[in-house]
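Here you go, one structure.
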Amino acid sequence: MTALNELGVRAIRDGVAAGDFTAREVADACNAAVASAAALNAFILATPDDALAAAERGDADRAAGRALGPLAGVPIGMKDLFATRGVQTSAASHILEGFVPPYESTVSQKLWDAGAGMLGKLNLDQFAMGSSNETSHFGAVASPWRKAGSNAALAPGGSSGGSSAAIAARLCPAATGTDTGGSIRQPAAFTGICGIKPTYGRCSRWGIVAFASSLDQAGPMARSVEDCAILLEAMAGFDPKDSTSLDLPVPGWSAALDPDLRGKRVGIPREYRMEGTDAAILKSWEDGIAWLKDAGARIVDVSLPHTRYALPAYYIIAPAEASSNLARYDGVRYGLRELPQGAGLQEMYAATRAAGFGEEVKRRVLIGTYVLSAGFYDAYYTQAMKVRTLVARDFEKAWAHCDVLLAPTTPTAAFALGDKLDDPLAMYLNDVFSVPASLAGLPAMSVPAGLDPDGLPLGLQVIGRPFDEQSVLNAGMAIEQRAGFVAKPERWW
Ligand code: GLN
């Protein structure tokens with residue numbers, strides 16, 4: 001029998017409901033897997049007792065014949081950007097180290113209400129800024145994957161790198177992620193798992209540490225498209241506490257999954273054929289096109305002419321919003337306070353922020369403050385907002401010709417830890433394929449497509465119309481069925 005920590009969300013839920021095993025046994029297996037994987041550094045904090053308590057509630061409900069929640073018995077990892085009542089929520093920063101929220105984020109609360117249990121708080125790039133999980137105050141996460149014939153530690157992607165590593169290493173069946181410019185999709189692609197960023201507003205942002213509020217979206221990460229759909233149903237929904245939350249019913253995505261794409265049109269954005277993209281990525285894109293054709297879809301060539309301006313616009317808008325959001329960390333109300341001898345208020349702010357923020361966070365605050373400054377606001381921020389509108393309009397025009405778009409998730413497979421750390425621009429280039437959908441607020445998913453010649457996973461990205469997560473999931477499932485991705489990282493940790 002497959003070890004219980006290797007099972008997916010659906011298999012655990014159904015197995016617990018059928019009495020094939022208990023939720024307690026699943027929680028024990030996952031807790032043990034987490035405890036034995038310290039070398040990955042995927043968790044900032046393990047919470048085995050939370051997982052056990054939820055499991056015991058599930059088992060007791062089943063024994064008493066009470067109705068089981070859609071995630072009863074399913075232990076998950078929680079990205080440490082979601083506020084969890086009574087459990088440290090650090091955003092992988094020093095400035096929030098030791099911050100224990102007295103409240104629970106809406107999304108995590110919904111997951112607990114559905115019966116899920118928490119295995120722990122997952123590592124991430126500090127304040128979700130990064131593409132490799134190396135900006136965490138708690139150290140980098142190592143991907144469980146390695147290149148064939150090499151022991152070099154690889155990046156699990158970022159910012160949801162703890163989530164991707166933990167799922168790929170079978171420490172948990174699923175986890176939460178957040179995606180501002182690609183942080184669900186890129187780590188999913190790097191580690192051979194699935195992840196979906198829903199339409200902006202589907203999941204409440206309430207209680208999620210803010211990075212760039214007009215872009216931040218929560219979403220699920222798991223090893224199958226169906227598991228993502230099940231999780232997203234639990235996470236999504238209107239929340240009056242988030243003014244950008246969509247007041248729409250949550251569709252039954254998992255029950256409506258249908259990989260038959262007859263009558264659907266799949267757009268191939270010609271501008272995504274960019275210089276610097278790996279040959280293996282281009283080849284997997286061709287495979288993806290053939291698979292979707294095989295699933296019955298008609299393939300159409302589409303143009304998104306402003307694609308090349310999306311990345312520079314994102315790296316103005318996201319830091320601008322971050323510089324504003326992060327102004328609240330001043331040593332007065334949250335976490336760290338540095339109070340040098342004889343310091344006044346201004347010195348206290350400066351000392352706290354100097355000690356509490358990492359290099360990348362400081363870089364973003366400086367860029368953001370600069371582009372919002374009186375003399376440069378129009379030249380940078382206003383201009384970037386205009387570009388954002390043009391990028392969104394490109395997509396709107398494309399929807400006249402197609403139902404979903406197919407593109408690579410990333411320009412390369414996972415790179416080595418340390419490789420891009422000294423070159424922020426090279427790091428930012430990782431987001432070139434993920435950022436446009438973020439700027440336009442569109443649902444987008446990464447699905448494993450195969451392995452490159454070094455034996456590393458590659459992801460394909462499906463982008464959909466606003467609110468049409470269903471078509472994204474359906475196309476994702478059509479890819480999943482044909483890619484037949486069963487590769488697992490070989491255990492070294
Ligand atoms: N890598 C991107 C950045 O550093 C995206 C991060 C994210 O989506 N949270 O901003």
Side-chain angles (χ1 to χ4, degrees), residues 79-82 91-93 107 122-136 140-141 155-164 175-190 195-198 200 203 205 208-221 310-326 357-368 371 384 388 409-412 414-415 419-421 423-446 459 461 463:
K79 185 175 182 179
D80 200 19
L81 202 63
F82 292 80
S93 72
V107 163
L122 289 157
N123 207 342
L124 65 148
D125 277 299
Q126 190 166 146
F127 284 103
M129 297 171 190
S131 305
S132 64
N133 217 296
E134 290 168 288
T135 71
S136 167
V141 173
S159 64
S160 311
S163 308
S164 65
T176 54
T178 62
D179 192 312
T180 302
S183 282
I184 288 176
R185 293 162 282 160
Q186 185 255 18
F190 274 17
I196 180 165
K197 174 194 94 72
Y200 180 79
C203 291
R205 289 183 294 108
I208 302 176
V209 176
F211 165 11
S213 307
S214 77
L215 297 156
D216 296 344
Q217 240 328 267
M221 300 167 75
L311 193 71
Y314 170 85
Y315 275 98
I316 288 173
I317 295 166
E321 295 188 22
S323 72
S324 165
N325 273 327
L326 270 57
F357 288 143
E359 288 306 304
E360 183 61 26
V361 175
K362 286 180 190 161
R363 181 161 27 241
R364 307 264 180 135
V365 170
L366 288 172
I367 294 172
V371 302
R388 182 178 190 172
T409 309
T410 58
T412 65
F415 47 86
D419 242 21
K420 298 187 197 286
L421 208 50
D423 187 349
L425 288 184
M427 192 69 92
Y428 298 169
L429 274 173
N430 251 283
D431 306 323
V432 65
F433 296 138
S434 53
V435 150
S438 298
L439 288 175
L442 302 174
M445 168 163 220
S446 184
Q461 181 180 202
I463 303 171

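Numbering of ligands and ligand atoms starts at 1, following listing order.
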* Applying a strict 4.0 Å limit to heavy atoms, is A318 in contact with ligand 1? ->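 Heavy atoms of A318 never come under 4.0 Å of ligand 1.
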
* Asked: Mind checking whether G158 has an N or O less than 3.5 Å away from an N or O of ligand 1?
  ->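 Not met; the criterion fails.
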
* Asked: Has the side chain of Q186 got a donor or acceptor atom that lies under 3.5 Å from a matching backbone atom of D431?
  ->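 Judged by distance alone, no pair lies under 3.5 Å.
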
* Protein contact to atom 9 (N) of ligand 1 [nearest heavy atom, distance to 0.1 Å] ->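 Among all protein heavy atoms, the one nearest atom 9 (N) of ligand 1 is S183 OG, 2.7 Å.
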
* Nitrogen or oxygen atoms of D179 and ligand 1 under 3.5 Å apart ->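 Among all N and O atoms of D179, none is under 3.5 Å from an N or O of ligand 1.
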
* Asked: Backbone N or O of I184 within a donor-acceptor pair of the D179 side chain at under 3.5 Å?
  ->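 Yes.
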
* Numbering as shown, the atoms of ligand 1 that approach A128 to under 4.0 Å (heavy-atom distance) ->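 Near A128, meaning under 4.0 Å from one of its heavy atoms, ligand 1 has 6 (C), 7 (C), 9 (N).
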
* Would you check if the side chain of S323 reaches a backbone N or O of A320 as a donor-acceptor pair within less than 3.5 Å? =>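 Looks like yes, one N/O pair under 3.5 Å.
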
* Test item: T135 side-chain N/O and E360 main-chain N/O as donor-acceptor pair under 3.5 Å ->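 A pair under 3.5 Å: no.
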
* Does K197 offer a backbone N or O that forms a donor-acceptor pair with the side chain of Q217 under 3.5 Å? ->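 No, the answer is negative, given that no donor and acceptor are paired below the 3.5 Å cut-off.
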
* Heavy-atom nearest neighbour in the protein, as seen from atom 2 (C) of ligand 1, with distance rounded to 0.1 Å ->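 Among all protein heavy atoms, the one nearest atom 2 (C) of ligand 1 is D431 OD2, 3.1 Å.
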
* To do: Apply salt bridge (Lys or Arg N to Asp or Glu O under 4.0 Å) to the pair E359 and R363, showing each step before the final yes or no.
  => CA-CA 6 Å; E359 288 306 304; R363 181 161 27 241; 5.8 Å; no

* Give the single entry among E360, R364, Q186 that approaches atom 4 (O) of ligand 1 most closely by any heavy atom. =>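 The residue whose heavy atom sits nearest atom 4 (O) of ligand 1 is R364.
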
* Any N/O pair F211/ligand 1 closer than 3.5 Å ->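 No, there is no polar N/O contact under 3.5 Å.
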
* **Spacing of D125 atom CG and L81 atom CG [to the nearest 0.5 Å]** =>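 Here the interatomic distance stands at 11.0 Å.
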
* Look only at the side chain of D419 and the backbone of F415, and say whether a donor-acceptor pair between them is shorter than 3.5 Å. =>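 No.
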
* **Contact (N/O only, under 3.5 Å) between G182 and ligand 1** =>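 There is such a contact, yes.
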
* Looking at atom 10 (O) of ligand 1, what's its closest protein heavy atom, distance included? ->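 Going atom by atom, the protein heavy atom closest to atom 10 (O) of ligand 1 ends up being Y314 OH, 2.7 Å.
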
* To do: Select one of side chain, backbone, both or neither to describe which atoms of S159 lie under 4.0 Å from any atom of ligand 1, heavy atoms only.
  =>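 Contact part for S159 vs ligand 1: side chain (C-beta onward).
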
* What residue and atom, counting heavy atoms only, is the protein's closest point to atom 3 (C) of ligand 1, and at what distance? ->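 Atom 3 (C) of ligand 1 sits closest to the protein heavy atom Y315 OH, 3.2 Å.
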
